[in-house]
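Note on naming: letters A, B, ... go to the chains in the order of the sequence lines (proteins, then strands), and numbering restarts at 1 for each one.
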Amino acid sequence: MSQARSSKSSDFIRDIVNEDMKTGKHQGRVATRFPPEPNGYPHIGHAKSICLNFGISLQYGGTCNLRMDDTDPAGESMEYVESLIRDVKWLGFDWGDRLYYASDYYEKLYQYAVTLIKRGKAYVCSLSADEIREYRGTFTEPGKESPFRDRSVEESLDLFTRMRAGEFEDGTHVLRARIDMASPNITMRDPVMYRIKKETHYRTGDTWCIYPMYDFAHCLSDSIEGITHSICTLEFENNRPLYDWFLDQLQVDHHPQQIEFARLNLSYTVMSKRKLIELVEKGIARGWDDPQMPTISGMRRRGYTPEAIRDFCERIGVAKNDSLVEMAFLENCVREDLNEESPRVMAVLRPLRVVIDNYPEGRVEEFDCPYHPQKPEMGSRKVPFSRELYIEQEDFMENPPKKYYRLAPGREVRLRYGYFVKCVNVVKDPNTGEVIEIHCTFDPETKSGFAPDGRKVDATIHWVSAAHSLPAEVRLYDRLFRVANPLREGTDFIEFLNPKSVEILMNCRIEPSMKETVPGDKYQFERLGYFCTDPDSSANIIVFNRTVTLRDTWAKIVEKKKA
RNA sequence: UGGGGCGUCGUCAAGCGGUAAGACACAAGAUUUUGGUUCUUGCAUACGGAGGUUCGAAUCCUCCCGCCCCAGCCA
C-alpha cells in the first residue's frame with residue numbers, strides 16, 4: 001500500500017512535536033495512534049484525525065497505531081472494526097502490524113486497577129447510579145463523599161474480585177478512583193473506573209462482565225503502546241488531569257502527553273455518530289455508504305478520492321477554534337483532483353430528441369474525441385454521430401433570455417467534436433405545449449467543429465447519438481440539509497433535511513464507449529460534473545452517482561436574476 | 001453558576017512586540033470546441049470590546065463581552 005504524502009504545513013501540534021524532538025523528550029521518538037471505538041462507520045471528521053495522526057508519524061519517521069478503543073460492549077461489533085480497517089487503508093495509511101485493541105489489555109488494566117486499590121487510590125462503591133449522580137454535586141456545589149469511600153482495601157479487593165467473578169448484578173457496584181469530591185473539575189470527583197455489564201463483548205465474549213471506563217483504559221492503553229503524543233479532540237480537555245492522574249498514581253514508566261484539537265464540523269451535514277446512525281435507522285440514508293453520508297464509505301461510493309480527502313484535511317488546518325468548514329471547501333478539493341484525473345465523456349441526463357434534417361438517414365460517422373482537453377496523453381475514444389441525436393433539454397430554449405447562448409430557434413451552436421447545427425424547427429406536444437423534438441440542419445463544412453469561413457458560434461453543447469447511446473440511471477446528490485448548521489439548539493436536525501438531496505434520473509443516455517465501465521470508475525460528463533459508476537449497475541442499466549457538479553457560472557447568473 | 005477552552009476577512013487559517021501570509025468563497029477581466037480548466041486583478045488601516053505598558057501591540061497587562069465543553073456505570 002502506498003503511504004500518503006506527509007504534510008509540510010505546520011500547526012500547534014507539530015510545533016509541540018518539534019519542540020519535543022529538539023529537547024529529546026521522548027528520545028527523539030514519535031508514536032501516535034488513531035483510537036476509534038468500533039461502534040459506527042468512520043466519517044470525514046475521523047479522516048481529519050487519521051490524517052493528523054498518521055501524517056505526523058510519517059513526517060517525523062515515527063509510528064502510528066490503529067487501536068480499537070473497545071471498552072464498552074454495547075454497540076461495538078466486528079462490522080465496524082472492518083469498516084475502520086477498510087477506510088483507513090483506503091485513505092492511504094499503513095499501520096504495519098500495529099493493529100491493537102483495548103480489549104486485549106483487559107487483564108493488564110485489571111491488574112492496574114488492583115494496584116490502585118491496594119494503594120488506597122481506588123475503592124468499590126455500592127451506591128446506585130442515581131445516588132452517584134446525586135453525590136457528584138453540581139457545577140457550583142462540591143460533591144459529597146460516598147459512604148463506601150473509606151471501605152478497607154481488603155473489602156474493596158474482595159468485592160472487585162467478586163465483581164469480576166460475576167457475583168453481582170449490573171449496577172450494584174462500581175470501582176471508583178479516590179481523588180477529590182470537591183474538585184472544581186467534575187471529572188476528578190471520584191470517577192468510575194469499572195462498571196459491571198453482563199453483556200457479550202464482540203471479541204472477548206463472556207470472559208468479562210466488568211469493563212473499564214474510557215478515562216482509565218485510554219491513558220493506560222497509550223502508555224502500554226509507548227505513545228508519545230496522544231492526540232484527541234477538545235471535549236477531552238477536561239479529562240486531561242485525570243489522564244495524567246492515573247499514570248502518575250501507577251508510576252508507569254511511560255507517560256504520553258495528551259494534546260487536544262478542534263474536531264471538524266462541515267456545513268450542510270452532521271457528523272455525530274448518533275445522528276448518522278439515526279439517518280441510517282430511519283431510512284433517510286440507504287446505509288452507511290449512502291453517497292449522501294459524510295462517511296468515508298459514503299464519500300468513496302460517491303466518487304470522492306482519498307487524495308482529495310487528504311488534501312482537504314491538510315488544507316483546513318489544525319487548531320483549537322470551534323470551526324464549521326464550508327462544504328464548498330471540500331468540493332473544491334474534490335474538483336481539483338478530479339479535474340486532473342478524470343476522462344471526459346458525454347452523457348445526456350434529460351434527453352431532448354434532435355433530428356438533423358439534412359443528414360442522410362442511415363449514415364454513421366465516428367468522431368475521435370480526446371479524453372482530456374489539456375492532456376493528450378490520456379488518449380481518445382470514438383463517438384458515433386448520426387441523424388438522430390439527444391441533447392440536454394436545458395440546452396434548448398424556445399424563448400431564450402439575454403445572455404443565454406445555447407440552442408434556440410434560428411440559432412447555430414457547435415456539437416462538441418462534431419458539426420455546427422442550426423435549429424430550424426420545433427415540435428411540440430399538442431396537448432401540453434412541451435417541446436418534444438427539434439429539427440436542425442448541419443453544415444458539412446464544419447466537421448470537427450471549425451467553420452472554414454471563420455464564423456463563430458456562441459456555444460458548444462454535448463450530445464449522444466440516439467441509436468448508439470446506452471441507457472443509464474443517474475443519481476444527483478445535493479446537500480443533505482437545507483441549512484448550513486442543522487444542529488441549532490431546541491430543534492430536531494431531521495427538520496432541516498433537504499427534501500431534494502437526491503434526485504434520480506432514469507432516462508439518461510451515455511455514449512457507447514462506456515459500455516465496459518465498472519463500479520468506481522470516475523468520469524467527467526462534459527459540462528455537467530464528475531460522476532462515478534455505482535455498484536448498483538447491472539447488465540440492463542448502468543448507474544452513476546454525481547460526485548460533484550462543475551463550477552457553473554451560468555447557473556449563478558440565473559440564480560441572481562431570480563433573486 | 002464552579003472549572004476548562006476559544007475569539008484574526010463570509011469560511012478555514014498564519015502570525016509568538018517591529019507595523020495583517022495563504023486557501024476557499026465572492027467580484028471584475030483575459031484565454032477557451034466544456035458558461036469547465038488556466039491566467040490576471042480586487043477583496044481585514046484591521047485582529048471580540050474598553051483601558052493600560054511601549055518609540056512601536058493582533059502579539060504583553062487589566063477589566064469587560066461572546067461562543068464551546070464538563071454534572072453517562074458513553075467515548
Side-chain angles (χ1 to χ4, degrees), chain A residues 9-11 15 35-37 39 69-72 74-75 125 127-129 132-134 136-143 170-176 183-189 191-197 210-211 213-215 217-218 232-241 260 262 264 267 273-274 312 315-333 335-336 339-340 344 346 369 372-374 403-406 413-418 420 448-450 456-462 484 524-529 549-557:
Chain A
S9 60
S10 197
D11 53 65
D15 289 346
E37 183 187 14
N39 65 350
D69 205 4
D70 53 359
T71 56
D72 181 359
C125 178
L127 252 24
S128 70
I132 285 182
R133 189 181 330 111
E134 282 163 28
R136 190 151 30 221
T138 66
F139 291 147
T140 46
E141 311 152 46
D170 288 13
T172 52
H173 307 277
V174 291
L175 183 70
R176 292 229 255 168
S183 172
N185 180 352
I186 292 176
T187 309
M188 299 298 273
R189 318 238 262 228
V192 173
M193 294 166 57
Y194 271 89
R195 73 286 212 185
I196 302 171
K197 251 188 191 187
I210 57 172
Y211 292 94
M213 299 288 289
Y214 165 85
D215 288 301
H218 202 89
C232 63
T233 44
L234 243 33
E235 67 270 25
F236 292 104
E237 215 148 18
N238 294 320
N239 303 47
R240 190 170 63 219
E260 311 85 9
L264 169 67
S267 66
K273 249 184 265 184
R274 214 210 90 236
F312 170 74
R315 287 164 70 169
I316 54 174
V318 179
K320 297 186 75 160
N321 303 334
D322 287 317
S323 61
L324 180 64
V325 177
E326 287 178 348
M327 195 64 176
F329 208 118
L330 212 207
E331 290 179 341
N332 171 70
C333 295
R335 285 195 191 101
E336 241 174 58
N339 176 49
E340 289 297 313
R344 272 59 171 170
M346 290 195 283
C369 306
H372 191 123
Q374 279 81 32
K403 285 196 181 164
Y404 179 92
Y405 45 80
R406 276 111 94 150
V413 299
R414 171 168 40 228
L415 295 177
R416 175 131 243 221
Y417 300 125
F420 284 12
S448 81
F450 286 107
K456 305 273 193 223
V457 287
D458 286 330
T460 300
I461 64 174
H462 59 95
Q524 183 196 103
F525 288 179
E526 293 228 21
R527 303 208 305 133
L528 297 173
T549 60
L550 252 28
R551 246 187 218 97
D552 190 346
T553 53
W554 170 243
K556 257 182 223 167
I557 293 168

Would you say that [X] contacts [Y] through its side chain, given a criterion of any heavy-atom pair below 4.5 Å between the two side chains?
X: Arg527(A); Y: Thr460(A); result: no
X: Leu175(A); Y: Val192(A); result: no
X: Pro191(A); Y: Met213(A); result: no
X: His173(A); Y: Tyr194(A); result: no
X: Arg551(A); Y: Asn332(A); result: yes
X: Lys320(A); Y: Glu237(A); result: yes
X: Ile186(A); Y: Asn238(A); result: no
X: Val325(A); Y: Leu330(A); result: no

Expressed in angstrom and rounded to an integer, what is the separation of [X] atom [atom1] from [N] atom [atom2]?
X: Lys320(A); N: rU8(B); atom1: NZ; atom2: P; answer: 15 Å
X: Ile461(A); N: rG36(B); atom1: CD1; atom2: P; answer: 16 Å
X: Arg315(A); N: rA21(B); atom1: CZ; atom2: C1'; answer: 15 Å
X: Asn321(A); N: rC47(B); atom1: CG; atom2: C1'; answer: 13 Å
X: Asp11(A); N: rC16(B); atom1: CG; atom2: P; answer: 16 Å
X: Asn339(A); N: rU32(B); atom1: CG; atom2: P; answer: 18 Å
X: Arg551(A); N: rU32(B); atom1: CZ; atom2: C1'; answer: 16 Å
X: Tyr417(A); N: rU32(B); atom1: OH; atom2: P; answer: 15 Å

Is [X] touching bases, backbone alone, or none of the nucleic acid, heavy atoms closer than 4.0 Å?
X: Tyr404(A); value: base
X: Val318(A); value: sugar-phosphate
X: Pro142(A); value: nothing
X: Thr553(A); value: sugar-phosphate
X: Arg344(A); value: base

Using the [atom1] atom as the point on both nucleotides, what is the distance between [M] and [N], in whole Å?
N: rC67(B); M: rC74(B); atom1: P; value: 31 Å
N: rG48(B); M: rA58(B); atom1: C1'; value: 12 Å
N: rC24(B); M: rU38(B); atom1: P; value: 9 Å
N: rC60(B); M: rU53(B); atom1: C1'; value: 8 Å
N: rU32(B); M: rA23(B); atom1: P; value: 26 Å
N: rC47(B); M: rU19(B); atom1: C1'; value: 13 Å
N: rU62(B); M: rA25(B); atom1: C1'; value: 38 Å
N: rU40(B); M: rG4(B); atom1: P; value: 49 Å

Closest to the [X] side chain: [options]?
X: Ser323(A); options: rG2(B), rC68(B), rA13(B); answer: rA13(B)
X: Gln374(A); options: rG36(B), rG35(B), rC6(B); answer: rG36(B)
X: Arg527(A); options: rU34(B), rC24(B), rA14(B); answer: rU34(B)

Base contacts versus sugar-phosphate-only contacts with protein, heavy atoms under 4.0 Å: please encode nucleotides 70-75 of chain B as B, S and - from 5' to 3'. BBSBSB
Hunt down the Watson-Crick or G-U wobble partner of [N], both distances under 3.5 Å, from any strand shown, or write none.
N: rG17(B); value: none
N: rC60(B); value: rG52(B)
N: rA71(B); value: none
N: rG7(B); value: rC65(B)
N: rA27(B); value: rU41(B)

Please determine whether any donor N or O and acceptor N or O are separated by less than 3.5 Å between the side chain of Glu326(A) and the base of rG10(B). yes
Per the atom types in the model, does the base of rU34(B) pair as donor or acceptor with the side chain of Gln524(A) at under 3.5 Å? yes
What does the list of N/O pairs under 3.5 Å between the protein and nucleotides 64-66 of chain B look like, with a distance for each?
none

Most 5' of Arg406(A) and Lys556(A) on RNA chain B, judged by nearest nucleotide: Lys556(A)
If you assign each of Val325(A) and Glu237(A) to its closest nucleotide in RNA chain B, which residue comes earlier from the 5' end? Glu237(A)
Treating Arg195(A) as the side-chain partner and Tyr211(A) as the backbone partner, does any N or O pair qualify as donor plus acceptor under 3.5 Å? yes
Go through the steps to decide whether Val174(A) and Met193(A) satisfy the test side chain to side chain contact (heavy atoms under 4.5 Å, CB included), and finish with yes or no. CA-CA 7 Å; Val174(A) 291; Met193(A) 294 166 57; over 6 Å; no
Hey, is rG72(B) sitting syn or anti, using the within-90° cutoff around 0? syn
Go through Asn185(A) and Thr187(A) one step at a time and tell me if the side chain to side chain donor-acceptor pair (under 3.5 Å) criterion holds. CA-CA 5 Å; Asn185(A) 180 352; Thr187(A) 309; 3.1 Å; yes
Rounding to 0.5 Å, atoms CD (Glu260(A)) and SG (Cys232(A)) come to a distance of 5.0 Å
